[in-house]
2 protein chains.
Amino acid sequence: MTSAAAHRRLATEAWESLLRSQVAVMRELHKEPIFKKVGSREYDVLFNLSRCPTGWLRLNELNDNVLLTQPSISRLVERLEARGLVQRRTPDDDRRGVLIGLTEAGAALQKEVGRAHVRNIMNLMEEGLSDAEMQTLLELTGKLREAVAGRAAAPADEAATPATSAT
Amino acid sequence: MTSAAAHRRLATEAWESLLRSQVAVMRELHKEPIFKKVGSREYDVLFNLSRCPTGWLRLNELNDNVLLTQPSISRLVERLEARGLVQRRTPDDDRRGVLIGLTEAGAALQKEVGRAHVRNIMNLMEEGLSDAEMQTLLELTGKLREAVAGRAAAPADEAATPATSAT
DNA sequence: GTATATTAGATGCAAACGTATATATCTCGA
DNA sequence: TCGAGATATATACGTTTGCATCTAATATAC
């Protein structure tokens, strides 16, 4: 029965391909000169803030979307604040927490960088994929992401793992 | 004509989703305790070396697959060498370069980490996607990666960009 | 065949990162 | 309501990263 091995192979190859394509695209996107104004992770924070409905995100919410540890996000936000791009606010209902929001300068910078960034993304994506393929890619990666996100709540992994520490 | 806007939106959403799913999976994979022995980037180097046909890779070839700058890879390899996991060799035909290869200890460690890693990848991937979907994902990300790779040779971007510096 | 440009890696240094831990606030049971 | 544990963020400190630059070797032009 080779199907188990074939299955494993498929899963790892698909992940490997996803990872490498992300690296390749990221490299290319990072050449954009505008990223000398803000690093790409810093832009990522500005972007996330620009997208959220209320305009304010908790530090740990930012942390979900950016591949950094909590202390690193903490200091990244600190730097952005020092540059006047974001502002902090203490939420009324939980005074442990911090809410982060864009300043006007931050919003303006995000838009400026965003325009160039989006143009580059579009050029790259359409060079390799048709609209239908992009749609499929969007759906598949969405499913994958949701499955992984759902896992955080219910580990469902190795039996008897009562307390798994999270990043 | 909203189709141009819709097209741009699709491209950016697809990329966004690809990026976030990569972050989510990476986070989850990184919880694997075995990554306390080797960082995930270091494992990535060992992995790439284990895969290549000749067993030796140039430093700049490693750099293509790992999202780090050239000096960082250089020092990452330096650390791996100090730990006895890889070895260096000067190629006969180009004495500027360096060839990197696994030592026996490096190959053994790669296999050990690889086993756990592959198991985790499989669990994650199959939680969200069917085999057919993984196959499609593999193909789409492959196409994307190839398109981006092809671009390095022929920029084909903004007209009149005679000399674009590479990372 | 020598000068010039290009390419492959290495190194100095400041900035950014991760691990471990501290602090402040909240939550929940006795 | 009071204390134990959990949660959200901050800080300390050693390590790793990126940028700029340097050196060595190869390619190219003249």
Side-chain angles (χ1 to χ4, degrees), chain A residues 23 26-27 29-33 35-45 56-64 66-83 86-101 152-153 162-167, chain B residues 23 26-27 29-33 35-45 56-64 66-83 86-101 152-153 162-167:
Chain A
V23 169
M26 210 62 172
R27 265 264 166 64
L29 289 177
H30 201 257
K31 290 179 186 170
E32 169 60 55
F35 280 120
K36 292 195 172 174
K37 288 195 182 181
V38 274
S40 51
R41 294 184 236 249
E42 299 178 350
Y43 171 71
D44 205 1
V45 167
W56 298 88
L57 283 176
R58 295 283 291 252
L59 219 46
N60 58 17
E61 293 176 307
L62 281 172
N63 205 1
D64 289 337
V66 183
L67 195 52
L68 283 173
T69 60
Q70 174 270 313
S72 297
I73 294 265
S74 188
R75 272 181 290 214
L76 175 49
V77 166
E78 192 172 272
R79 270 174 267 143
L80 290 174
E81 188 185 22
R83 288 174 61 182
V86 304
Q87 51 195 154
R88 288 160 185 263
R89 197 161 71 85
T90 300
D92 302 322
D93 57 327
D94 184 352
R95 287 187 314 185
R96 293 170 297 184
V98 188
L99 286 168
I100 317 294
T164 306
S165 77
T167 307
Chain B
V23 169
M26 212 58 173
R27 265 263 164 65
L29 289 176
H30 201 256
K31 290 178 185 169
E32 168 60 54
F35 280 121
K36 292 194 171 173
K37 289 194 182 182
V38 274
S40 52
R41 293 185 236 248
E42 298 178 348
Y43 170 72
D44 205 1
V45 167
W56 298 88
L57 283 177
R58 293 285 290 253
L59 218 46
N60 59 17
E61 292 176 306
L62 281 173
N63 205 1
D64 289 337
V66 183
L67 197 49
L68 284 173
T69 59
Q70 174 270 314
S72 297
I73 294 265
S74 187
R75 272 185 282 227
L76 175 48
V77 166
E78 192 172 88
R79 272 174 265 144
L80 291 174
E81 188 185 23
R83 289 174 61 182
V86 305
Q87 52 194 155
R88 298 161 107 97
R89 199 162 70 84
T90 300
D92 302 323
D93 57 327
D94 184 352
R95 286 187 313 184
R96 291 171 299 185
V98 188
L99 286 168
I100 317 293
T164 305
S165 76
T167 306

Quiz item: How is B:Arg75 classified with respect to the nucleic acid when contacts are heavy atoms under 4.0 Å: base, sugar-phosphate, or nothing?
Solution: base

Should [X] be listed as having a side-chain N or O under 4.0 Å from OP1 or OP2 of [N]?
| X | N | result |
| --- | --- | --- |
| B:Asn60 | C:dT7 | no |
| B:Ser74 | C:dA10 | yes |
| A:Ser72 | C:dC17 | no |
| B:Arg88 | C:dA10 | yes |

How many whole angstroms separate atom [atom1] of [X] from atom [atom2] of [N]?
| X | N | atom1 | atom2 | answer |
| --- | --- | --- | --- | --- |
| A:Asp93 | C:dT27 | CG | C1' | 14 Å |
| A:Leu59 | D:dT11 | CG | P | 12 Å |
| B:Arg79 | C:dA10 | CZ | C1' | 14 Å |
| A:Leu80 | C:dA15 | CG | C1' | 14 Å |
| B:Ile73 | C:dT7 | CD1 | C1' | 17 Å |
| B:His30 | C:dC17 | NE2 | C1' | 12 Å |
| B:Arg83 | D:dT16 | CZ | P | 9 Å |
| B:Arg41 | D:dT16 | CZ | C1' | 8 Å |

Practice problem: Anything under 30° is parallel, anything over 60° is perpendicular, the rest tilted; go ahead and classify B:Tyr43 against B:Phe35. | Solution: perpendicular

Quiz item: Do A:Val77 and A:Arg88 touch side chain to side chain, with heavy atoms closer than 4.5 Å?
Solution: yes

Quiz item: Nearest heavy-atom pair of B:Met26 and A:Leu67: which atoms, and what distance?
Solution: CG-CD2, 3.8 Å

Quiz prompt | B:Glu42 or B:Asp92, whichever maps to the more 5' nucleotide of DNA chain D | solution = B:Glu42

Exercise. Check for a donor-acceptor pair, side chain of A:Arg75 on one end and backbone N or O of A:Gln70 on the other, with a separation under 3.5 Å.
Key: no

Practice problem: Let me know, please, whether A:Arg95 or B:Lys36 comes out on the 5' side of the other along DNA chain C by nearest nucleotide. | Solution: B:Lys36

Self-check item: Whichever of A:Leu76 and A:Arg96 has its nearest DNA chain C nucleotide further upstream toward 5'
Solution: A:Leu76

Quiz item: Between B:Leu99 and B:Arg58, does a side-chain contact (heavy atoms from CB on, under 4.5 Å) hold up when you go through it step by step?
Solution: CA-CA 5 Å; B:Leu99 286 168; B:Arg58 293 285 290 253; 3.7 Å; yes

Quiz item: So, does the side chain of A:Gln70 form a donor-acceptor pair with the base of D:dA10 at under 3.5 Å?
Solution: yes

